[in-house]
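Everything below concerns the one structure shown next.
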Protein chains: 2
Amino acid sequence: MVRLEDVARAAGVSASTVSRALARPDMISEATRSRVLEAAERLGYRHHPAARALATGRTGLLAFGVPSLANPYHAPLIAGAQQAAEEAGCELVVVVTDGSPDREAALFARLADRVDGFAALIPGSPAARLAEVAAGLPLVTLDRRVRGVPSIVIDTPGGMAALGAHLAGLGHRRVAYLGGPAGSWLDPRRLAALREAAPGCEVRALGPYLPEYQAGIGALDEVLAAGCTAVVAYSSTLTLGVLYAMTARGLSAPADLSLASADDLSAAGLAVPDVTALRVPSRAAGRLAVERLADLAAPRPAGPAHTLLPVEMIVRSSSGPPPDRAP
Amino acid sequence: MVRLEDVARAAGVSASTVSRALARPDMISEATRSRVLEAAERLGYRHHPAARALATGRTGLLAFGVPSLANPYHAPLIAGAQQAAEEAGCELVVVVTDGSPDREAALFARLADRVDGFAALIPGSPAARLAEVAAGLPLVTLDRRVRGVPSIVIDTPGGMAALGAHLAGLGHRRVAYLGGPAGSWLDPRRLAALREAAPGCEVRALGPYLPEYQAGIGALDEVLAAGCTAVVAYSSTLTLGVLYAMTARGLSAPADLSLASADDLSAAGLAVPDVTALRVPSRAAGRLAVERLADLAAPRPAGPAHTLLPVEMIVRSSSGPPPDRAP
DNA sequence: TCCTATCGTGCAAGCGCTTGCAGATCATCT
DNA sequence: AGATGATCTGCAAGCGCTTGCACGATAGGA
């Protein structure tokens, strides 16, 4: 292994100069620096992460917590996070919380002195605990706002409002909202936004459902029993299950039932091309969360801030007028 | 922060004694040890990971590489890996390779001196490169065997043989295999096993397909065009797509077409209860891979070994006699 | 020309933990 | 009683990097 001192010897300077040439270029004269850089390059020098961590107190590791990996919504989120981490010169430790506040707490404790910060999608943990964690460690929350903790929130409520207006405009008077998961910070906000945007329209909140195909199959019965003419599902796998169940019963969208999803299927490679959906910038959310985190962990701690990412409604053929109004 | 020396002072011993009481209990007298442990407990002492890493050369970090997070098959794999890592007292760095050999190589290089070992599902990287990596860093491969590199392989070829025998026994004479991904080590072995177990049966290899819902929808056309009476898909999302496409056309299984999946849907919460499938122990595979890795990374390096995990065929109602033989 | 900023570099002291070695203590054997 | 181990503990030297401080050199101002 090639050490700082090996480079120093090769360049005819001291180890501290090499360290500075690499980390604080402006402190070193142009001539020396290029000589050092050349030597480092030639010898293939690479920082020893542990030594650097010991000296600086920063590990170069960022944690990213998600409730589950089975949900396709999380894949682009993590991909974005990973990309941002790489660009910040850090590694990403992905941890699965199972949505359990206890496990979340255990993970925070275990990782606290191993990572420089924590970004997490933790709909269920009590806000007080999060604030407490944030006091000891840079923390960024996803899809959730907590006082004093920077956050990245995808504006699905805004999208829900668009869907509500869209469906109400088509003439629907009874719409089902397939919500979940229980205890989610965002879920009641989505529902409220949907209701508010469709004033003349009764919105039946069903669920909560797990974001699973299977759950969607079962949900269709409830939707029909409730006499709704349109259904909005909070997750793409749920939508997929509803669509399968509809097809199995010989129902089609939108002739028999309008269908919309709060999460665009095509993004997950689960494309059924014709479902009206929200295009959610989940990759961007993951990326921004980690960028924000890297800022917080950096010596120059940019202050906390909340970011709301807009979503776009994509109207496709699965939504149309209710059956009794069809042309 | 409470340091080793703080504990030492509290217990009235030296820092080295504390270190040993924690790491080599047998070197320390019973009395001293319990006194030290009590003090450590009381003060809430925790190792400083970076300091330990610098002194020992071991980081307590293990890397786990997967081609993608969008594939539901990977979720239990990673969950198992994470559990094993926790039990070994390590953190797991999950990295996504995108299935690109170049990116894999870059990740190996970048993580080489950050982690104690690498477990990876890398169907595409050249074997020579993997052997090279394994020379410099503990490495365990998943679903792939490379000379001299320990591996955990799920015996889907064995499961394919069971499916082949099952379908041939039902009277099928032309079976479609929906394979993928291109360049996978395991894929040709699955196909060969399927062929071998169904001697009187023509096995049409279609694809390669991506493990996606959408791909399954398209695949059905090819299956029907090829005149097959049964179809075996290598991935559960693919199966789901086929099933949807069948339903949309009014075809049902097994009356019109028998359907089997090399990967059990119910495991991923994508349960469509009646699909004949292989139950693959993916959680166990992830767990074993990381356990093996932790062994390799430990001072007592257990030798390389290959593990083949058996799979179980679950016959359900989606497979039956071909249409012309139906009762 | 002498004095004072300014800039670039080196020295050395850590960061917190591990571990080879040597010293101390006490039991056992001759 | 003296010698010989065996057992336990402490000393101190690192692991590789960063960084406050001091020092020497160079440039600018009086």
Side-chain angles (χ1 to χ4, degrees), chain A residues 1-40 43-61 89-90 112-116 297-300, chain B residues 1-40 43-61 89-90 112-116 297-300:
Chain A
M1 124 159 268
V2 32
R3 287 162 8 256
L4 208 50
E5 197 179 325
D6 301 325
V7 178
R9 192 170 6 250
V13 296
S14 77
S16 21
T17 301
V18 178
S19 174
R20 284 191 271 252
L22 263 29
R24 301 228 201 316
D26 48 309
M27 286 185 69
I28 296 291
S29 77
E30 171 58 31
T32 314
R33 181 177 8 137
S34 64
R35 195 152 32 94
V36 167
L37 262 40
E38 185 274 331
L43 271 59
Y45 173 76
R46 314 190 36 197
H47 282 297
H48 184 117
R52 182 203 271 264
L54 181 57
T56 61
R58 309 194 39 240
T59 61
L61 250 41
C90 294
D113 38 33
R114 259 204 167 288
V115 302
D116 294 335
R300 28 129 205 171
Chain B
M1 124 156 269
V2 32
R3 286 159 14 252
L4 208 50
E5 198 180 323
D6 302 325
V7 179
R9 190 167 10 248
V13 294
S14 76
S16 21
T17 299
V18 178
S19 174
R20 285 192 271 250
L22 263 30
R24 301 224 203 316
D26 48 312
M27 286 185 69
I28 296 290
S29 75
E30 170 57 31
T32 314
R33 178 172 13 131
S34 65
R35 193 151 35 97
V36 168
L37 261 40
E38 185 276 329
L43 271 61
Y45 173 76
R46 314 194 31 198
H47 283 297
H48 184 118
R52 182 203 272 265
L54 182 57
T56 61
R58 310 197 36 241
T59 61
L61 251 43
C90 294
D113 38 35
R114 257 200 168 291
V115 302
D116 293 335
R300 27 126 209 176

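Atoms CD (B/E30) and C1' (D/dT7) sit 15 Å apart, rounded to a whole Å. In this structure, the CZ atom of A/R35 is 12 Å from the C1' atom of C/dG8, given to the nearest Å.
For the helix from C/dT1-D/dA30 to C/dT30-D/dA1, the rotation axes defined at the first and last 5 base pairs enclose an angle of 50°, given to the nearest 10°.
Residues B/T17 and B/I28 come closest through the heavy atom pair CG2-CD1, 3.9 Å. A/A8 and A/A15 make their closest contact through CB-N, 3.6 Å (heavy atoms, listed as atom of the first residue, atom of the second, distance). The heavy-atom pair separating B/V13 from B/T32 by the smallest distance is CG1-CG2, 3.9 Å.
Scanning for side-chain contact (heavy atoms from CB on, under 4.5 Å) contacts around B/A55 gives an empty result, with sequence neighbours left out. With sequence neighbours left out, the side-chain contact (heavy atoms from CB on, under 4.5 Å) criterion links A/H48 to A/M1, A/A50, A/A51, B/L54. Take A/R114 and apply the salt bridge (charged side-chain N to carboxylate O under 4.0 Å, His left out) test, not counting sequence neighbours, and it matches no residue.
Contact check on A/E38 versus A/R35 returns no salt bridge, with no Lys/Arg side-chain nitrogen under 4.0 Å from an Asp/Glu carboxylate oxygen.
Identified under the salt bridge (Lys or Arg N to Asp or Glu O under 4.0 Å) test for residues 9-25 of chain B, with sequence neighbours left out: B/E5-B/R9, B/D6-B/R9.
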| What one-letter contact string describes nucleotides 16-22 of chain D from 5' to 3', where B marks a base within less than 4.0 Å of any protein heavy atom, S marks contact via sugar-phosphate atoms alone, and - marks no contact? | BBBBB--
